[in-house]
Structures are given as C-alpha cells and as structure tokens.
Amino acid sequence: MVTEILKKALSEALSSMGVEPPVDIHLERPARREHGDWSSSVALATAKNAGKNPRELGTALVEYLDANRPEYVLGVAVAGPGFVNFTLDDSWLHHVLAEVASAGVDKFARLDTGGGQAINVEFISANPNKPLHAGHARGACYGDSVARLLDRVGYEVTREFYLNDRGVQMNLFAESLAARKRGEEPPEGGYQGAYITEWAAEMPDDADPLEWGYARALASHKETLSRVGIEFDVWFSERSMVASGVIDETLAELAEKEVSFVDDGATWLRSTDYGDDKDRVLVKSDGELTYLAPDIAYHRDKFSRFPKLINIFGADHHGYVVRMKAAMQALGHDPEDLEIRITQLVDLERGGETVRMSGRAGDFVSFDDIIDEVGPDVTRLMYLMQSVDTRQTIDLDAVSNQAADNPVFYVQYANARIHSAIRNAAEKGHPRKPLADVDLSVLVHERELELLRAISTLPETVEHAANERSPHTIAGWSRDLAAAFHGFYHDCYVVGDDVSAELTQARLWLLEATLIALAVCFDLLGVSAPESM
RNA sequence: GCCUCCGUAGCUCAGUUGGAUAGAGCAGGGAACUUCUAAUUCCAAGGUCGCAGGUUCAAUUCCUGCCGGAGGCGCCA
C-alpha cells in the first residue's frame with residue numbers, strides 16, 4: 001500500500017535528522033485537491049519534542065524526501081503551518097484498481113483487526129408476547145449491521161436474542177389470549193392489542209395459551225426479521241436458566257463474594273460499590289426474583305461462552321448500563337468487556353404528523369407495517385443512514401412517496417447503471433478481457449481518478465466503522481461512492497465512438513471495482529444490489 | 001436533583017486518534033439529454049459549529065461551567 005511507503009519514507013526522513021519518529025505516523029487525505037494526494041501532519045506533531053519550529057521541520061522533511069523520492073511520489077511540498085503534502089503519480093490509483101479487482105468482494109476491505117476473537121452481539125431481545133414494533137426496528141437494523149461489520153474485520157460473531165419467556169408479563173399475555181379466546185376482555189393490566197384477538201382466533205381449543213402464544217410470538221419475530229435479512233445464531237431462553245439452576249448459582253456466587261446482602265427481607269446487589277447511585281434488589285421480600293437476577297445470570301452465562309460482549313439497548317434502558325456493568329465487575333469480569341450501545345429513540349411521522357407508537361387500545365406501528373410500506377431495503381437504509389446517538393425522525397410519507405429522492409435508490413441506481421453499461425458493452429462486442437491483458441494506465445480522466453480515489457478509501461472506512469460501531473459511516477460512504485460513479489458515468493462512456501477499445505476495457509474494470517465496493521457496502525448494510533431498476 | 005444522548009446552512013444530517021478555506025442531501029435559484037437507465041450531472045446561493053471560559057502551534061472536535069431539547073432514574077420489566 002502506498003500509505004505504508006509514505007509512512008516509511010517519513011519515518012526514515014525523521015530519523016535521518018535525529019528526530020525520534022512517532023509510533024504511528026498520521027497520514028490523511030487532504031480535503032482540498034491542491035494539497036496533494038496524501039498529507040502528513042507529522043512535522044507539527046513532533047516539532048515540539050524535537051525542539052524545532054514545525055514549519056522548519058516540515059521544510060527539512062520535504063528537502064530530504066525530494067532528494068530521496070519514494071515510489072509513486074511525483075512531488076512533495078511543505079504547506080501551511082508545516083504539513084508535508086505528497087503528490088502522487090496516477091499509477092498508484094491504477095494499482096489500487098488492480099488490487100481491488102483481484103481481491104473481489106470477499107477479500108477487498110476485509111480486515112483482520114479482530115484476529116478471529118469470538119464476540120457476542122445481543123440485540124432486540126423483545127419480549128415474546130407481541131409482534132416486533134417500530135421501536136425495535138432501529139436496534140434490529142443497527143445490531144445486525146454492527147455484527148456484519150465485526151465479521152468483516154475478522155471477529156467470530158454470534159448474534160444472540162434473549163427471550164424473557166417467564167414471569168409476570170408472559171402470564172398476563174397467556175391470560176389475555178385465553179380471555180379473547182373465550183370472547184372476553186383481557187384481564188386488568190393485560191394486553192389489549194388487536195393482535196391478541198387475531199392470535200386467539202388462530203389458537204386451537206386444546207392449546208396451552210402460554211406455550212402456544214410463546215411459539216406464536218417467536219414465529220412472528222423470526223418471520224419479520226427474515227424479511228430484512230436478520231438471522232440470530234442463538235435464541236437464549238430465560239426459562240432454561242431456571243431449569244438449569246444457574247440463577248440460584250449466580251445468587252450464591254454473589255452472596256459468596258459478599259457483593260449482595262439481605263435487608264428488609266430482600267436480597268440486594270451492592271452495586272453502589274461499583275459506581276451505581278443506589279443498591280438494587282435481586283430477590284424481593286416475597287421471594288420473587290426481580291428482572292435483574294436472571295439478567296445477571298444471563299450475562300454471567302454469556303461471559304462463560306464469550307470473552308467480549310456487546311449489548312444494544314434502546315435509550316429507555318440506559319439506566320441499566322451501570323448496574324449490569326457493576327454486577328459483572330462484582331463477578332470478577334472486566335466491565336470493559338461488556339460493551340453497551342444505546343440507540344436513541346425514533347419518532348415516526350406521516351405528513352409532518354407524529355405517528356403514535358402505541359395507542360390506548362394497545363395498537364402500535366409494527367415492524368412489519370414499516371416494511372410493508374417502504375420495502376426492506378429502504379427500511380434498513382433509513383435506520384442506518386443516521387448515527388444511533390441522535391434521536392431520529394422518520395417521515396414515512398417522505399421515504400415512500402418521494403422514493404426518487406431517497407438515498408437508497410441513488411446508491412442502488414448506481415449498481416443498476418453499472419450492470420446496464422456492462423450488458424451494453426457485451427452486446428456491442430466488448431466482453432471484458434482478463435485483467436492481465438488490460439492497460440489500466442489509460443484511465444486519466446479526472447472522473448475516473450476521482451472514482452478510484454473514492455474506492456481506495458473503503459478499507460479504512462470499514463475499519464473505522466467497525467471500531468466505532470457506526471454502520472452509518474458505511475451508508476454515507478456508499479452515497480459518496482455512488483456520487484463519484486454517477487459523475488463518471490455522466491462524463492465517460494464505456495462504449496462509444498470516441499472511446500478506444502483499450503479505454504473500454506480499462507473502464508470495464510473500473511466498473512467491476514465499483515461493483516465490488518458497492519457489494520461490500522450492500523452486504524454490510526444488508527440491502528440488495530439490483531442489476532436493473 | 002442525578003445519569004445518558006443531542007444542539008453545525010431554511011429542513012434532515014455528516015464531519016475519521018484535534019489540522020489547512022466546516023461538508024452532503026432535501027427545499028428554493030440557474031443550466032445540461034442525437035450514444036451505455038435524466039431515479040443523473042453541473043453552477044451559484046445558503047454558517048456566530050447553542051453561549052462563555054480553559055488546554056494547545058492549532059478546537060466544531062478535548063476539559064469546565066451555563067442555556068436549550070429528548071429520554072431514564074421502582075422490592076415494574
């Protein structure tokens with residue numbers, strides 16, 4: 001990689017003048033083209049320790065590098081307060097193209113920063129007593145895409161869904177189903193949604209409402225998730241922990257480590273010792289478990305299976321973060337190994353009017369409703385376009401009615417256009433030749449180079465997105481790539497009277513590299529890559 | 001009161017370990033199709049990066065305080 005060449009050259013230049021090079025020399029792509037292809041602020045960063053003026057150090061670096069030109073470097077200049085700017089021969093981009101084309105979708109922008117470490121990503125974990133609703137959708141799309149990113153950078157990823165399949169909520173659910181089955185109203189505090197009535201009608205007369213309802217809800221979850229390409233590796237049952245006794249084991253361990261205590265007839269977790277603002281009840285004075293006890297047992301179990309856990313929660317569960325980390329620390333785990341990501345809430349609007357997520361009758365906008373309305377690809381993309389740190393407002397009319405203005409279509413349209421151009425070239429007698437037989441150096445149009453520059457940034461973008469758990473970075477990048485492609489497509493014909501056969505071949509490979517980059521993005525985002533639209 | 005997130009163009013949002021003249025989309029203004037999909041492209045316009053301090057050669061970015069918005073703080077889950 002050219003960045004390695006430049007870093008090495010900078011390091012040598014610093015050493016030659018007696019300055020200790022930093023461990024990681026920072027290279028960046030200047031925002032402005034006149035600042036060259038690559039830039040380093042290393043002179044600014046090291047000047048102080050070297051006891052030199054940044055600009056003078058930068059000038060000295062440039063003199064050395066000018067006399068000892070690294071590969072690809074056409075020119076090197078000092079600018080501003082001491083930036084060292086490199087201008088490269090276009091051939092570096094031709095080499096990028098060759099590398100991308102030979103790597104293909106599987107290998108391009110696939111990294112090994114994870115080193116094969118096992119990692120567990122738990123997300124959604126909605127109660128198995130109702131269909132998934134709109135509130136689950138953001139966490140679902142985000143969690144799955146984070147898992148895809150981690151997989152791409154070399155982690156062994158397990159997607160896990162925790163099922164709260166016992167307790168008060170499940171009993172109320174069963175009673176509500178049974179009541180509807182008898183043609184009665186659900187009990188006090190029961191579930192009022194229309195889906196209860198629908199499911200009750202499906203339920204056989206001799207079915208156990210709890211077991212049947214549980215299975216029905218689970219099937220509903222799986223069906224909805226499969227529509228947007230989400231599959232879980234593990235569905236972990238809370239009940240299974242009661243059966244296996246690990247909840248009691250966990251409580252015993254907490255007691256043994258003296259991080260729990262009994263007061264007022266209840267058992268408490270001494271979470272204030274670990275930064276919580278109050279201690280939390282594990283076992284109520286009536287002997288019933290709080291939600292916390294099984295949850296701690298569950299995370300204890302996950303740690304027995306994985307060295308690293310990621311949980312994705314909605315904003316309404318953020319209070320849970322401190323106490324769960326406290327519990328894990330109390331059990332002897334490094335709280336850093338339990339990473340909890342919070343997704344902020346989503347407001348749905350229709351024509352500027354807020355859509356109520358759940359009404360008095362217990363009805364709500366379901367995840368399925370959204371997929372029905374805008375389709376799976378738009379659903380995923382609209383949730384992934386934006387950082388989960390910000391509250392999101394989605395106008396369903398805007399994303400469905402004005403589909404033409406939707407970024408999803410903009411990016412997918414690029415994919416379709418590429419396939420169209422390839423088909424056209426083949427029909428006009430220009431099947432693509434093997435890469436080795438094609439001269440890529442004929443790609444000199446600014447649009448071509450711009451597209452190649454864009455493609456070249458995908459590996460670092462994937463690495464960043466994975467590290468930051470930020471799929472929206474990929475969504476934004478794919479938009480930029482599509483823009484670079486559309487610009488190229490507009491100005492550069494692949495086949496035409498003014499286009500030589502050699503140039504057609506080189507451009508066909510440029511299309512191939514663009515397809516590869518798009519395919520990587522589509523995979524990470526979980527959307528489809530249409531060959532025509 | 002405490003905790004989390006947010007505050008950047010008219011609107012929705014990016015902004016990569018702090019970097020050069022802060023970027024996109026949409027809306028609004030002006031252009032471009034005899035050839036591969038105009039679901040496109042190009043040009044112009046649009047900014048007190050909430051406010052005030054601090055650290056730094058350099059702050060939208062880091063720190064502190066304040067203002068504003070959202071959410072959470074139960075022997076509910």
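Within every chain, numbering begins at 1; the chains are lettered A, B, ... in the order of the sequence lines, protein sequences first and strands thereafter.
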Are the side chains of A/L282 and A/I296 in contact, using a 4.5 Å heavy-atom criterion?
yes
On the nucleotide B/G19, are OP1 or OP2 found under 4.0 Å from the side-chain N or O atoms that A/S40 carries?
no
Is there a donor in the side chain of A/H430 and an acceptor in the side chain of A/N424, or the other way round, less than 3.5 Å apart?
no
Name every residue in residues 457-476 of chain A that has at least one heavy atom under 4.0 Å from any atom of RNA chain B, in order of residue number, or write none if there are no such residues.
A/H464, A/H472
Start at the 5' end of RNA chain B and walk down; is the nucleotide closest to A/Q344 or to A/C492 reached first?
A/Q344
Taking only residues two or more places apart in sequence or in another chain, which ones pass side chain to side chain donor-acceptor pair (under 3.5 Å) with A/D276?
A/S271, A/R280
Looking at B/A77, does its base get a donor-acceptor pair with the side chain of A/Y291 below 3.5 Å?
yes
Check A/R432 with A/E512, please: is the shortest side-chain N to carboxylate O separation under 4.0 Å?
yes
Mapping A/H318 and A/E531 to their closest nucleotides on RNA chain B, which lands nearer the 5' end?
A/E531
Tell me whether the rings of A/F236 and A/Y298 are parallel (<30°), tilted (30 to 60°) or perpendicular (>60°).
tilted
So, under a plain 3.5 Å distance rule, would you say the side chain of A/T390 forms a donor-acceptor pair with the base of B/C5?
no
Listed nucleotide nearest any side-chain atom of A/K278, set B/G19, B/U35, B/C73
B/C73
Check this for me, if you would: do A/R469 and A/E339 make a salt bridge, where the nitrogen-to-carboxylate-oxygen distance has to be below 4.0 angstrom?
yes
Out of B/A77, B/U41, B/C75, which nucleotide sits closest to the side chain of A/R323?
B/A77
Using only side-chain N and O atoms of A/Q386, determine if any of them is under 4.0 Å from OP1 or OP2 of B/C13.
yes
Of the options B/A77, B/U35, B/U40, whose atoms approach the side-chain atoms of A/Y410 most closely?
B/U40
For the residue pair A/F488 and A/F485, does the interplanar ring angle fall in the parallel (under 30°), tilted (30 to 60°) or perpendicular (over 60°) class?
tilted
Is there any protein nitrogen or oxygen under 3.5 Å from a nitrogen or oxygen in nucleotides 9-11 of chain B, and what are the pairs?
none

Is there a donor and acceptor pair, one atom on the side chain of A/N85 and one on the base of B/A20, closer than 3.5 Å?
yes
Between A/R29 and B/U16, does any side-chain N or O lie under 4.0 Å from OP1 or OP2?
no
Presence of A/R447 side-chain N/O under 4.0 Å of B/C42 phosphate oxygens OP1/OP2:
yes
With a 4.0 Å cut-off on N to O distance, would you call A/R447 and A/E450 a salt bridge?
no
Interatomic distance at C1', B/G29 relative to B/G65, whole Å:
44 Å
Under 6.0 Å from the ring centre and within 45 degrees of the ring axis: does the NZ or CZ of A/R479 meet both conditions for the six-membered ring of A/Y410?
yes
Of the candidate nucleotides B/C75, B/G19, B/A39, which contains the atom at the shortest distance from the side chain of A/S41?
B/G19
